[in-house]
Amino acid sequence: MLRKRWLLAALVGAALALTPGSEVGAGDQPKGFVKLFNGTDFDGWKVPEGDNGHWKILEGGVLDYDAKSEAKKDKNLWTKKSFKNFTLRLDWRLKTDKGYMNKVPVILPDGSHKKGDDGKELKVEIEDVDSGIYLRGSSKAQVNIWMWPVGSGEVYGYRTDAKMPKEVRAGVTPKKNMDRPRGEWNSFEITLKGDRLWVKLNGEEVITNAQLPNIPAEGPIALQHHGSWNAKTGQWSGPPSLVQFKNVFIKELD
């Protein structure tokens, strides 16, 4: 009996160690992947001109952003290198600093917004923060990181494009919400082949073989800036990208 209990405890411990995003072994470089962020400096990245230290690196290899970049133009953090087909793995978390009170729609499985009996969109109020991953240099091809009830992994630019076929808008809508509570680490695995996208969040596939029509064939990857801070009022004018990243790896595919 004691031996069985010992074996069960060992198996549970091993399973926890392999849980996506867990601290045990989470920073190990996956086989076939290379580091996209080295954890110590911005080698390989383009820090926005005039940013003034708002994109910064903390101890433990954490890339931190406070959504207050002072850059006059693009505030996103872009890779210097462009990519075609790849699998990207990274850990992210939304910080618990005060966000933006926002009323957001309830997104249905087909990507449309739920409406009430009066024909108006139903909305829920949340404390919102928002970031994402731009693929191949395209803000439209953005894998969302946010607080909306539908969950992260959604591709907003395609889902909300009324010109896109229904199957495209449904395909970029997450099948389930796999986000962990705000402040906890999450793990993305994003695979892009041609114009097809797969997204795993915390080990569960939330986007499967979604089509992204007319996505560029090649381009850099970006960590997204979102929101605007009003220093006079001390308030956000939109959902801020209060976000951190770590363990960023990429594998280029044929």
Side-chain angles (χ1 to χ4, degrees), residues 18-47 55-67 76-95 129-139 141-147 151-156 172 174 177-193 197-207 210 212 219-226 241-253:
L18 294 173
T19 300
S22 66
E23 296 304 312
V24 182
D28 295 340
Q29 185 166 327
K31 185 177 180 180
F33 287 73
V34 297
K35 288 184 179 180
L36 194 55
F37 167 57
N38 63 24
T40 57
D41 58 36
F42 287 106
D43 183 40
W45 295 83
K46 298 178 182 178
V47 178
W55 285 102
K56 56 183 177 289
I57 300 169
L58 306 180
E59 289 185 13
V62 173
L63 201 166
D64 179 89
Y65 186 51
D66 63 5
N76 303 299
L77 187 67
W78 291 92
T79 61
K80 292 180 179 179
K81 184 177 179 179
S82 289
F83 299 91
K84 295 179 180 178
N85 300 322
F86 58 84
T87 294
L88 174 69
R89 290 185 180 178
L90 57 84
D91 295 339
W92 58 266
R93 70 175 169 186
L94 295 171
K95 298 188 288 185
V129 286
D130 189 315
S131 185
I133 314 296
Y134 289 167
L135 307 178
R136 293 193 190 148
S138 172
S139 60
Q142 176 219 14
V143 178
N144 243 325
I145 296 172
W146 59 358
M147 295 295 297
S152 296
E154 179 254 18
V155 188
Y156 188 89
V172 296
N177 183 329
M178 289 302 301
D179 294 60
R180 293 184 176 136
R182 186 175 165 191
E184 294 186 15
W185 285 103
N186 297 267
S187 295
F188 259 161
E189 180 179 287
I190 300 169
T191 298
L192 187 60
K193 296 180 182 179
L197 174 71
W198 293 257
V199 178
K200 286 184 179 181
L201 175 55
N202 296 323
E204 289 285 338
E205 197 163 78
V206 296
I207 301 291
L212 306 181
I221 292 168
L223 308 179
Q224 186 205 16
H225 159 86
H226 198 279
S241 44
L242 302 171
V243 65
Q244 294 180 332
F245 301 93
K246 66 178 181 178
N247 302 328
V248 186
F249 303 103
I250 195 165
K251 177 168 69 173
E252 295 187 72
L253 307 174

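This is a predicted model, so every value here is computed, not measured.
With respect to Gln224, the side chain to side chain contact (heavy atoms under 4.5 Å, CB included) criterion is satisfied by exactly one of Ile145, Val143, Asp130: Asp130.
Looking at residues two or more places apart in sequence or on another chain, you find a side-chain hydrogen bond (donor to acceptor under 3.5 Å, both in side chains) between Asn144 and Gln142, Glu154. Listed by chain and residue number, Trp78 satisfy the ring pair (Phe, Tyr, Trp, His ring centres under 6.0 Å) test with Tyr134 (two or more places apart in sequence, or in another chain). Every side-chain hydrogen bond (donor to acceptor under 3.5 Å, both in side chains) that Lys81 has, sequence neighbours left out, goes to Glu252. Residues satisfying the salt bridge (charged side-chain N to carboxylate O under 4.0 Å, His left out) criterion with Lys200, sequence neighbours excluded, are absent altogether. Partners of Lys56 by side chain to side chain contact (heavy atoms under 4.5 Å, CB included), not counting sequence neighbours, listed by chain and number: Leu58, Asp64, Asp66. Under the salt bridge (charged side-chain N to carboxylate O under 4.0 Å, His left out) criterion, Glu184 pairs with no residue at all, not counting sequence neighbours. Ser131 meets the side-chain hydrogen bond (donor to acceptor under 3.5 Å, both in side chains) test with no other residue; sequence neighbours excluded. Scored by the salt bridge (charged side-chain N to carboxylate O under 4.0 Å, His left out) test, Lys193 finds no partners at all (sequence neighbours excluded). Looking at residues two or more places apart in sequence or on another chain, you find a side chain to side chain contact (heavy atoms under 4.5 Å, CB included) between Val47 and Phe42, Asp51, Leu77. Under the rule for a salt bridge (charged side-chain N to carboxylate O under 4.0 Å, His left out), Glu205 has no partner lying at least two apart in sequence or in another chain. Considering only residues two or more places apart in sequence or on other chains, His225 meets the ring pair (Phe, Tyr, Trp, His ring centres under 6.0 Å) condition with Tyr65. Every residue was checked against the ring pair (Phe, Tyr, Trp, His ring centres under 6.0 Å) condition with Trp45, not counting sequence neighbours, and none meets it.
Contact annotation: the side chain of Phe83 never approaches that of Pro220 to less than 4.5 Å [non-hydrogen atoms, C-beta and beyond].
If you take OG1 on Thr191 and CG on Leu197, they are separated by 8.0 Å, rounding to the nearest 0.5 Å. Taking CG from Leu90 and CD1 from Ile190, the interatomic distance works out to 5.5 Å, rounded to the nearest 0.5 Å. Taking CG from Asn76 and CG from Leu223, the interatomic distance works out to 8.5 Å, rounded to the nearest 0.5 Å.
Side-chain N or O atoms of Arg180 include one that pairs as donor or acceptor with a backbone N or O of Trp185 at under 3.5 Å. Using a distance-only test at 3.5 Å, with no hydrogens or angles considered, a donor-acceptor pair links the side chain of Arg182 to the main chain of Lys95.
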